[in-house]
Amino acid sequence: MTIQGEKQKQLSKEFVREWLIENNFMGKEGQTVPAMSDDWVNTISKRYIELYEKVIGKTFNPQQLSDAETEQCILTALKNVEL
């Protein structure tokens, strides 16, 4: 429940899009994405972790992987997707 007039917390990408617009980025040719502070990146991460936990129903446990390990995980997951 939210207080009347207060924005509802969004777990979609919309809050990031709104931030980009507020920082004069519209995705137009020649524009560069504005720099994001570490605090803002952490806020984004926390929201996506919350979404993951709501959808999957499990606690998110991050792993420290090298770029090569990350790539291998992605490739393995893609191979397991049935199209």
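Sequence positions, counted from 1, serve as the residue numbers for this chain.
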Student: List in chain and number order the residues that pass side-chain hydrogen bond (donor to acceptor under 3.5 Å, both in side chains) with Thr32, two or more places apart in sequence or in another chain; answer none if no residue qualifies.
Tutor: none
Student: Between atom CE of Met36 and atom CG of Asn23, what is the distance when rounded to the nearest 0.5 Å?
Tutor: 8.5 Å
Student: Is it true that Glu50 and Arg47 have a side-chain N and a carboxylate O under 4.0 angstrom from each other?
Tutor: no
Student: My understanding is that only residues two or more places apart in sequence, or in another chain, count here; which of them pass side-chain hydrogen bond (donor to acceptor under 3.5 Å, both in side chains) with Ser66?
Tutor: Glu69
Student: Could you work out the complete set of other residues in the hydrophobic cluster of Leu75, with links drawn between I, L, V, M, F, W and Y side chains under 4.5 Å apart?
Tutor: none
Student: Would one find more than 12 heavy atoms of other residues, nucleotides or ligands at under 6.0 Å from atom CG of Asp67?
Tutor: no
Student: Which ILVMFWY residues are connected to Met26, directly or by a chain of links, through side-chain heavy atoms under 4.5 Å apart?
Tutor: Ile21
Student: Does Ile74 have any side chain to side chain contact (heavy atoms under 4.5 Å, CB included) partners at least two apart in sequence or in another chain, and if so, which?
Tutor: Thr70, Leu78
Student: Pair up each side-chain donor or acceptor in residues 55-62 with any protein partner under 3.5 Å, not counting sequence neighbours, and list the distances.
Tutor:
none

Student: Can you name the residues that form a side-chain hydrogen bond (donor to acceptor under 3.5 Å, both in side chains) with Glu71, not counting sequence neighbours?
Tutor: none
Student: Hydrophobic clusters here meaning ILVMFWY residues chained together by side-chain heavy-atom distances under 4.5 Å, can you tell me if Val16 and Tyr52 are in one?
Tutor: yes
Student: Considering residues at least two apart in sequence or located in another chain, which fulfil the ring pair (Phe, Tyr, Trp, His ring centres under 6.0 Å) criterion with Trp40?
Tutor: Phe15, Trp19
Student: How long is the straight-line distance from CG of Asp38 back to OG1 of Thr43, given to the nearest 0.5 Å?
Tutor: 10.5 Å
